[in-house]
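In the text below, chain A, chain B and the rest are named by the order of the sequence lines, each starting its count at 1.
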Number of protein chains: 2
Amino acid sequence: MEPSLTNNQKIVLEALEDSEQPLGAYSILFNIEKKGIKSPQQVYRALDKLIEIGAVHKIESLNSYIACKHKDCKARESTSFLICQECQKVYEVLESDLSDKFIKLSQESNFKYFTHNLEIFGICDLCN
Amino acid sequence: MEPSLTNNQKIVLEALEDSEQPLGAYSILFNIEKKGIKSPQQVYRALDKLIEIGAVHKIESLNSYIACKHKDCKARESTSFLICQECQKVYEVLESDLSDKFIKLSQESNFKYFTHNLEIFGICDLCN
DNA sequence: TATGTGAACGTTATAATATAACATAACGGT
DNA sequence: ACCGTTATGTTATATTATAACGTTCACATA
């Protein structure tokens with residue numbers, strides 16, 4: 001079932017959906033001030049919730065956020081991205097294959113895999 | 001040839017080497033104030049250089065830093081870690097195999113791979 | 001030995017990212 | 001209608017990171 005979003009959450013999510021590139025929290029704030037959002041808290045709280053339900057992902061190495069394009073995304077915790085250094089666009093990778101690979105890799109060190117975060121940097125198809 | 005470190009760089013590197021866990025920049029600063037380091041700038045500048053030569057890596061999702069345990073580490077840009085959520089220790093993964101995998105993965109999206117950052121979270125051998 | 005150049009340094013200030021705390025309001029189930 | 005949970009508004013503050021500027025150091029070479 002679809003988790004129903006609150007007003008603030010919708011506003012923040014739309015800001016991210018409207019953007020080609022990932023946005024920082026303050027950049028989101030700037031974009032939606034005209035809609036009545038006044039403080040970082042409001043943005044971060046909405047982001048927290050959106051991330052929790054998988055509607056938004058955080059790009060750790062950029063300290064910024066993207067809307068997930070996949071309906072009801074599985075990637076609540078583990079995420080994998082291709083990040084174009086030319087146009088800054090981020091492409092999410094969904095290969096479940098990857099988790100398997102990382103589980104095996106972890107096992108080699110007797111490490112119990114829970115989640116992962118993969119960020120690949122390079123040049124995307126369009127910029128090539 | 002070994003790049004020779006300056007005094008500040010040595011101090012910062014030692015602080016990281018002495019720590020079991022990754023340290024934030026301000027945490028490093030706190031640890032080495034008694035050695036005459038007074039400002040964040042000094043720490044960040046040393047970190048920049050140490051990262052550049054591969055002696056230190058940044059854990060993006062923790063905004064913190066670790067000393068690399070491998071002599072003359074290849075991982076100047078691409079890094080892969082196992083991060084224990086129990087004891088906070090970080091284990092670097094050196095499989096060159098991984099880059100190959102990521103290059104192939106990237107190619108599937110016509111994406112030209114440059115570097116990557118992989119952070120796997122779970123429970124380490126010792127904490128299991 | 002003088003000197004020019006690039007890197008590193010010291011220092012102060014400030015930017016950018018994120019959370020704490022607290023009182024109030026809205027929502028959903030019984 | 002009541003209660004507990006979740007979201008909100010707001011102010012303040014913590015944490016992480018850079019800008020800017022003048023000075024000093026290391027070292028190659030004229």
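- For DNA chain D, runs of at least 3 consecutive pairs of the Watson-Crick or G-U wobble type, with both hydrogen-bonding distances under 3.5 angstrom, map to C:1-30 with D:1-30.
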Show which side-chain atoms of residues 24-34 of chain A pair as donor or acceptor with protein atoms under 3.5 Å away, not counting sequence neighbours.
from: A:Asn31; atom 1: ND2; to: A:Ser27; atom 2: O; distance (Å): 3.4
from: A:Lys34; atom 1: NZ; to: A:Asn31; atom 2: O; distance (Å): 2.4

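- The CD1 atom of A:Ile51 sits 12 Å away from the C1' atom of C:dA18 (whole-angstrom rounding).
- You can see that DNA chain D meets the heavy atoms of chain A within a 4.0 Å-exclusive cut from D:dA7 to D:dT11, reading 5' to 3'.
- Listed by first and then second residue, the salt bridge (Lys or Arg N to Asp or Glu O under 4.0 Å) pairs that reach into residues 79-90 of chain B are B:Glu20-B:Lys89, sequence neighbours excluded.
- Considering CD1 of A:Ile83 and CD1 of A:Ile66, their distance stands at 8.5 Å, rounded to 0.5 Å.
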Using nucleotides 24-30 of chain C, report all nitrogen or oxygen pairs with the protein that are shorter than 3.5 Å.
none

Under 3.5 Å, which donor-acceptor pairs do the side chains of residues 111-128 of chain A form with other protein atoms, sequence neighbours left out?
from: A:Tyr113; atom 1: OH; to: A:Ser78; atom 2: OG; distance (Å): 3.1
from: A:Tyr113; atom 1: OH; to: A:His116; atom 2: ND1; distance (Å): 2.7
from: A:His116; atom 1: NE2; to: A:Ser80; atom 2: OG; distance (Å): 2.9
from: A:Asn117; atom 1: ND2; to: A:Glu119; atom 2: OE2; distance (Å): 3.4
from: A:Glu119; atom 1: OE1; to: A:Ser61; atom 2: N; distance (Å): 3.2
from: A:Glu119; atom 1: OE1; to: A:Ser61; atom 2: OG; distance (Å): 2.5
from: A:Glu119; atom 1: OE2; to: A:Glu60; atom 2: N; distance (Å): 2.9

What are the atom names and distances for every N/O pair under 3.5 Å that joins the protein to nucleotides 8-14 of chain C?
from: C:dA8; atom 1: OP1; to: B:Lys49; atom 2: NZ; distance (Å): 2.7
from: C:dC9; atom 1: OP1; to: B:Thr6; atom 2: OG1; distance (Å): 2.7
from: C:dG10; atom 1: OP2; to: B:Asn8; atom 2: ND2; distance (Å): 2.8
from: C:dG10; atom 1: OP2; to: B:Gln42; atom 2: NE2; distance (Å): 2.4
from: C:dG10; atom 1: N7; to: B:Arg45; atom 2: NH2; distance (Å): 2.3
from: C:dG10; atom 1: O6; to: B:Arg45; atom 2: NH1; distance (Å): 3.0
from: C:dG10; atom 1: O6; to: B:Arg45; atom 2: NH2; distance (Å): 3.3

Report, one line per pair, each donor and acceptor closer than 3.5 Å where one atom sits in a side chain of residues 40-52 of chain A; sequence neighbours left out.
from: A:Gln42; atom 1: OE1; to: A:Lys38; atom 2: N; distance (Å): 2.7
from: A:Gln42; atom 1: OE1; to: A:Ser39; atom 2: N; distance (Å): 2.9

Please list every donor-acceptor pair under 3.5 Å in which a side-chain atom of residues 10-19 of chain B meets a protein atom from a residue at least two apart or in another chain.
from: B:Ser19; atom 1: OG; to: B:Gln21; atom 2: N; distance (Å): 3.1
from: B:Ser19; atom 1: OG; to: B:Gln21; atom 2: O; distance (Å): 2.5

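- Here salt bridge (Lys or Arg N to Asp or Glu O under 4.0 Å) pairs that include residues 93-106 of chain B, with residues two or more places apart or in two chains, are A:Asp97-B:Lys101, A:Lys101-B:Asp97.
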